[in-house]
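Data first, discussion second: the structure below is written as structure tokens.
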Amino acid sequence: SSWLTDRSLADAASVAGSDDPQADMADKKIKGIFAKYDKNGDGTIEIEELSAVLKALGGFQNAEIQAIFDHMDKNHDGAIELDEFVDWLFNSSQDQRAKAALMPAEDGGLKSVYYSFCGAGQSGMDGKSFAKMCKDTKLVDKAFTPTDVDLIFAKVVKKGQRKMVFTEFEAGLRLIAEKKRMSVEDVCDRICVAGQPQLKGTQAEAVRFHDDKSTYTGMHQGKGTLRSMPRAASPQPAAASPALKAAGAAAVGRGGGARSVSPSPAAAEDDEHPTEKATGLTLLDSFKTFCKPNLDMDGKTFAKVCRDTGLIDKKFTSTDVDLCFAKVVPKGQRRIGFHQFEELIELVAKKKAMETDEVRLQIIYTGGPVLNGTVADTVRFHDDKTTYTGTHINGGPESVAVGHGTATQLASKGMRVGR
């Protein structure tokens, strides 16, 4: 056992100055420990000094340290004197883990390690913590399995209890030494070397294309974000008409950002395309029909425009649709207005080697989105009414008189049993 448990140092300190050599030695030792933690040498221990020591020795948290300091500071003057320190050590049953950390014992620090594995604020060790201690200290092997650990824990813990105290912990170490055919000192040394629980996390496997930056391509060769690339100027129409300028280019959308607004019908009439004058139809009407209920168009809607109008083929694929849309949409936005839609039509015409008017007409004549639904297969016994029997000949159970029994009873009234 340690010198802390051999004799009460509170009694030893009280008879300091006597001829008892053991009391004098104990008094010097406790004063030396107190002076070691009194960093500024003012004869007291402040909260900052105690915090630094406990965090270094046992990994204590701030809330634990404050509670320990409050237990020591009996007169609540914000500083711990020697008498308060001694009184806390030997006349208080609280903070056993902190005591084990602050007072080095002859057991080589075994008690401090015990409380480290017990966990914050705990004075007893449960089976899970005992098993972790055995694993972290490499005591578990083929000769001493996890099952043996559980059996020893169950043997030393009192019946009805789920945690072991320090004396039971020492008894468990003796059983471990006996099982592994080692000396108790060797087992204790291995535990003291560990010091505290090992905290391990899952480590991700190496991925070459993520970890090896020499394999990065494109914008990822920089900082790996779009912001690391030089910003390109937002596409502007070559010659915007006065009507389009008057209509305005931005409005607040659902996402909170600025959005392009389609020109009003009155403004579009002033700038009507020759093709639209000839047909009496307008591209703006088709644009608004596809955008409903919104005033502007996103990439998904434009892709549907291209599918419904038959613009997508082997030369102009769905990927080309997305690329063209990305060229005209303002940076940082996801939707386009009508004048940008007109630019988009010019890009599509160029990509498909067609006249712009042909593409406009193709969209105009479509009129709006094509709505496709799933058509059910033909079922003869459902679609062919000549196959109906019973009440279904007259339209089903609902067509019979109401208030004269269930549909089955009403249907059976007209049936005759053959004899």
Side-chain angles (χ1 to χ4, degrees), residues 1-18 20 22-126 129 133 163-170 191-192 194-197:
S1 61
S2 68
W3 63 276
L4 288 175
T5 56
D6 283 340
R7 181 173 180 178
S8 172
L9 288 187
D11 296 337
S14 65
V15 294
S18 66
D20 188 348
Q22 188 176 4
D24 291 340
M25 183 178 65
D27 184 53
K28 290 180 181 179
K29 194 166 188 177
I30 197 169
K31 286 181 179 179
I33 292 171
F34 184 85
K36 178 181 177 182
Y37 300 144
D38 180 17
K39 298 294 184 183
N40 58 11
D42 63 351
T44 60
I45 299 176
E46 284 78 24
I47 182 66
E48 295 80 9
E49 295 170 326
L50 181 66
S51 177
V53 172
L54 289 178
K55 285 183 178 181
L57 294 177
F60 288 80
Q61 302 299 318
N62 290 332
E64 295 179 86
I65 295 171
Q66 185 62 55
I68 294 168
F69 185 84
D70 292 340
H71 296 157
M72 290 184 183
D73 188 17
K74 296 294 185 181
N75 58 10
H76 306 291
D77 61 351
I80 302 168
E81 299 175 356
L82 177 61
D83 292 341
E84 293 175 320
F85 184 68
V86 173
D87 184 62
W88 171 77
L89 280 176
F90 303 107
N91 296 331
S92 172
S93 60
Q94 297 174 311
D95 311 319
Q96 294 297 324
R97 180 183 169 210
K99 291 177 183 179
L102 293 173
M103 298 296 294
E106 294 177 357
D107 58 11
L110 181 64
K111 203 168 193 176
S112 177
V113 177
Y114 163 80
Y115 284 113
S116 296
F117 277 96
C118 287
Q122 302 296 324
S123 59
M125 181 181 291
D126 58 16
S129 301
M133 185 211 66
K163 292 185 178 182
M164 61 168 58
V165 296
F166 183 69
T167 54
E168 295 169 339
F169 174 73
E170 290 178 312
I191 294 172
C192 291
Q196 58 186 358

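What you see is a predicted model; the values in this text were computed from it and never measured. Hydrogens, waters and symmetry mates are skipped; everything else that's a heavy atom, side chains included, is used.
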Report summary line: To the nearest 0.5 Å, atom NE2 of H71 lies from atom CD1 of I80 at 11.5 Å

Report task. Measure the spacing between CZ of F169 and NZ of K163 and express it to the nearest 0.5 Å. Result -> 15.0 Å

side-chain hydrogen bond (donor to acceptor under 3.5 Å, both in side chains) involving [X] - partner list, sequence neighbours excluded:
X	result
T44	D42, E46
D126	S129
Q66	D70

Query raised in the report: Who pairs with K74 by side chain to side chain contact (heavy atoms under 4.5 Å, CB included), at least two apart in sequence or on another chain?
Result: E84, D87

Requested in this report: Keeping the roles fixed (side chain from D73, backbone from G78), state whether a donor-acceptor pair exists under 3.5 Å.
Outcome: yes

Report task. Output yes when a side-chain donor or acceptor of D38 lies under 3.5 Å from a complementary backbone atom of G43, and no otherwise. Result -> yes

Report summary line: Tightest non-hydrogen contact, residues L50 and I68, listed as CD2-CG2, 4.4 Å

Query raised in the report: Is there a side-chain contact between E81 and F85, using heavy atoms and a 4.5 Å cut-off?
Result: no

